[in-house]
Amino acid sequence: MAAAPRSADTARAETPLARFWSQFAESRLALAGLALLVLIVGTALLAPLVAPQNPYDLAALDLMDSRQPPGAEAISGKMVYRLGTDGQGRDMVSAIIYGLRVSLYVGVASGVIALTLGAFLGVLAAYLGGRFEQVLMRIVDIQLGFPAILVALILLAVLGKGVDKIIIALVTVQWAYYARTARSAALVERGKEYIEAARGLGLSAGRIVLRHLLPNALPPLIVVGTVQVAHAIALEATLSFLGLGLPPTEPSLGLLIANGYEFMLSGKYWISVYPGVALLVTILSINLVGDQLRDVLNPRLAK
Amino acid sequence: MADALLEFRAVSKRFVKRLDAVERLAKRLGAQVAEHTVHAVDRVSFAVAQGEVVGLVGESGCGKSTLGRLGCALHAPTEGEVLYRGVSVTAGGGRQPPIQMIFQDPFASLNPRMRIAEIVGEAPRVHGLVPKAQVADYVADLLRRVGLDASYARRYPHQFSGGQRARIGIARALAVKPEFLICDEAVAALDVSIQAQVLNLFMDLRESLGLTYLFISHDLGVVRHLSNRVVVMYLGRVVEIAATAALFESPNHPYTQALLAEVPRIDRKRRTFVPISGEIPSPLAPPPGCHFHPRCPRAMPRCAAEAPALREVAPGRLSACHLND
Amino acid sequence: MTLLEVADLRTEFATRDGVLRAVQGVSFSLDRGQVLGLVGESGSGKSVTGFSILGLIDPPGRIAGGSVRFDGEELVGAAEERLRALRGKRIAMIFQDPMMTLNPVLSVETQMVETVLAHDKVTRQAARARAVDALARVGIASPDERLRQYPHQFSGGMRQRVAIAIALLHSPDLIVADEPTTALDVTVQGQILYEMQKLVREVGSALIWITHDLAVIAGLADRVAVMYAGRIVEEGEVEDVLDSPAHPYTRGLLDSVPANNVGSGRLNQIPGMTPSLLKLAPGCAFRERCRYAVARCGEMPELVACGPRRVRCHFPVVAAAAAAAA
């Protein structure tokens, strides 16, 4: 119950970033998650170089190779399908790598946009207070009252298919959560004396919000952000599985799982299961990193 | 007052927690919601003259911190005026203010994500006090003046001890060349030996820079050592003002008397503590008449009905008690 | 009759930057009905000493050595069940923040009744009656009503009194109080000190009061132990230590208190800062800041008798005489 006493000596000239990293690295599980995540993101980014085949290039596909089990050799003899092929003869490994790419792109892009939008509005609401804050928070409450899937479904039904459409839908679903977190964090910071000091020094409101409030409200947002990205990826997978959002020409992991579903009963499990595993591992690694981030950035556990 | 620098004229501050839209609706439907009003400061009037150190003492809920913030325009008064050199402090913004506050919590009063150089140098740079090229030297100079090594400018607040952070807070305030410092429990969170160092620093700065102080503290020993005059507050009102020696030797107001009798002192060993009866009332519902009457050993019926005015009972001594009539 | 015997207690914490020796060989004893003031600034190890006595040191901290004998029974290394049986019943702790004792989601009644039932086999009504009595003893008006309330409905001072009432439920033999009134107003502190004194008088509990406030110790304690950098540097009767301190640190501390500097321009100050517990130089820990330090101070002094008190200094008498002459 007794914590280590705070030592008066702190001569290490560490930036907050270096200190943060050494605290993060204390959890081996989180480091493993981070390593995995780096691997996954790296693979996705380097897809054209890493994938044995370009699954979007219809000329490279051979319909005769469709539904081959893992380890089968191509009829042409060019390659070995390490994880089998799907209904159109696509190599599963390549399909998964490219699918990861799409999933990650959609998840991260929507996360970043939602975070920027939500953070800005949330911090502004905390600083300005009054009518603006009340109205914004009511909108946030109402939006968060609806299940994310429902909102996304309705939006996509209206907007149609396309990567940009699904990003719009995901941003609409997520911004409210960021806004609420940002406002809470900013409210806590606003009560602290260094903000009072900044006001007392005659600094402008804009400067206080951008230079003082926002950087300190960011840590909880980053935690929310990592978990939300995982969430967005899962949500996108669900939507694709239901046939909305992404066109079949750019399959995400969700769409791959959907496409393979019809073959499950006939024993051709690899077409759904392997993309599913890839999805699982991606979300898991993001969550491992996010968990440790949350502990490190939790002010109550802070040293 | 002749050369009053900072003057509070019948200043009151009330914090009202207004009902929001949902609560107003609930009230209309018959729910038991009411607006809460905290009477933080109630018709306070006194002035601080150039070069003085005025100590402001009181316990929780007395309003001394709120009064301090009213003094440097961090709050606006609900009623009354706060004047600096005759001009309202809430007028004019964006310029560097002549009154600066030194805060209590050395951990929360510095932006954890800014380097010391930026914390101290931001305001003078933004206000154009110091040309951009000379800011680094200016900051180094200030750090030395408060007893810190100039190389500390590159570090972050978390790398310093409580006493060092208190000094950084002082450097930050000095950077905008103030004339008046309001110290809100500035040494309360520090160890005894560090307190002595920081208090000596305050006194040195007062000499070298000609500063005037309003020193807010609950520590009577510190106030006695530093101040020329003392203002005692209870539940938002001023109950006594006197020169330091006079106040400590012969307190007039029953609350001051009880406070001085209560406070533990090093020279009184193995004493039996005799507490004041009752609790400090909540500022949400202050007692009628004299706020102190429920706990006063010499309360009269008049005390519950009528609030006593702060009147001069001797040259330079003011007290708010019916017993003086 | 000695109730508590602490001998050469050592507690350390394993941190990223090395081993932090918070308590380095603390020894003292305490009789029933006695009040010991454990005084020191931050980093002195006083709070950790208090936690160690109750066995509340969790990893990465550990008690590295020494003994704590309570009524003849050794507590260091004792089984957790045994410690739990003693805690709350015979040894109680009061913390600076009452919310460390109180659970915000349970009513005061639930918490107090549970505490009684944890150690005594009595009926609920009997437990409740004891709770009402304890609240009344700490000066809480209408205890029967208050019992049903939740911690957030009490003010800070009242909460601390509830925490003390909980500590009193079993009339413990030893109470360890870690800065319980530091965050409270003067008048509330006065009330709590009054209650604690009454308790010591009526029940005969021994009290260890940990604080940095010398004035409170002066009024409350029978004996004082001054700690610096993990060790006791001076110990004795409160009049001896506070009126004629022999260790340069105690002397410096008392000199720097404003109450002892009335009228003078500057406060006497101890130069420098407390040393880091991670990088302690060999020899006396106060060397760097001591006016009278000489070469011999490179050797750690022992806690030896010096008149009616014990001091950890090679030249205590010299220091006292020199300061008296100054």
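In what follows, every chain begins at residue 1, and chains take the letters A, B, ... in the order their sequences are listed. Everything quoted here is computed from the prediction, not taken from an experiment.
Interface summary for chain C: among B/Arg265, B/Met203, B/Gln197, B/Gln195, the most heavy-atom pairs under 4.5 angstrom belong to B/Gln197. Among B/Asp204, B/Ile194, B/Leu190, the residue making the largest number of heavy-atom pairs under 4.5 Å with chain C is B/Asp204. Ranked by heavy-atom pairs under 4.5 Å with chain B, the first of C/Asn268, C/Leu193, C/Leu253 is C/Leu193.
Contacts from residues 211-225 of chain C to chain B, taken as heavy-atom pairs separated by less than 4.5 Å, involve C/His212, C/Leu214, C/Ala215, C/Val216, C/Ala218, C/Gly219, C/Leu220, C/Ala221, C/Asp222 in sequence order. Heavy-atom proximity under 4.5 angstrom to chain B picks out C/Glu237, C/Val238, C/Glu239 from residues 229-240 of chain C.
Contacts between C/Gln197 and chain B at a heavy-atom distance below 4.5 Å involve the side chain alone, from C-beta outward. For C/Ile192, no part lies under 4.5 angstrom from a heavy atom of chain B. When heavy atoms are compared at a cutoff of 4.5 Å, C/Glu195 does not approach chain B at all. Of the two parts of C/Met196, neither the backbone nor the side chain holds a non-hydrogen atom closer than 4.5 Å to a non-hydrogen atom of chain B.
For the pair B/Asp191 (side chain) and C/Glu41 (backbone), a donor-acceptor distance under 3.5 Å is absent.
Partners of B/Phe15 according to the ring-ring contact (aromatic ring centres under 6.0 Å, His included) rule, which considers only residues two or more places apart in sequence or in another chain, are B/His75.
We find the CG-CG distance between C/Leu267 and B/Asn200 to be 5.0 Å, quoted to the nearest 0.5 Å. Note that the CG atom of C/Asp185 and the CD atom of B/Glu262 stand 11.0 Å from one another [nearest 0.5 Å].
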Verdict with supporting geometry, B/Glu59 and C/Thr187, side-chain contact (heavy atoms from CB on, under 4.5 Å): CA-CA 8 Å; B/Glu59 299 179 289; C/Thr187 44; 2.5 Å; yes

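The heavy-atom pair separating C/Val257 from B/Val192 by the smallest distance is CG2-CG1, 4.0 Å.
Among pairs with a residue in residues 187-210 of chain C, none fulfils ring-ring contact (aromatic ring centres under 6.0 Å, His included), at least two apart in sequence or across chains.
Side-chain atoms of B/Ser193 and C/Gln269, non-hydrogen and from C-beta on, never get closer than 4.5 Å to each other.
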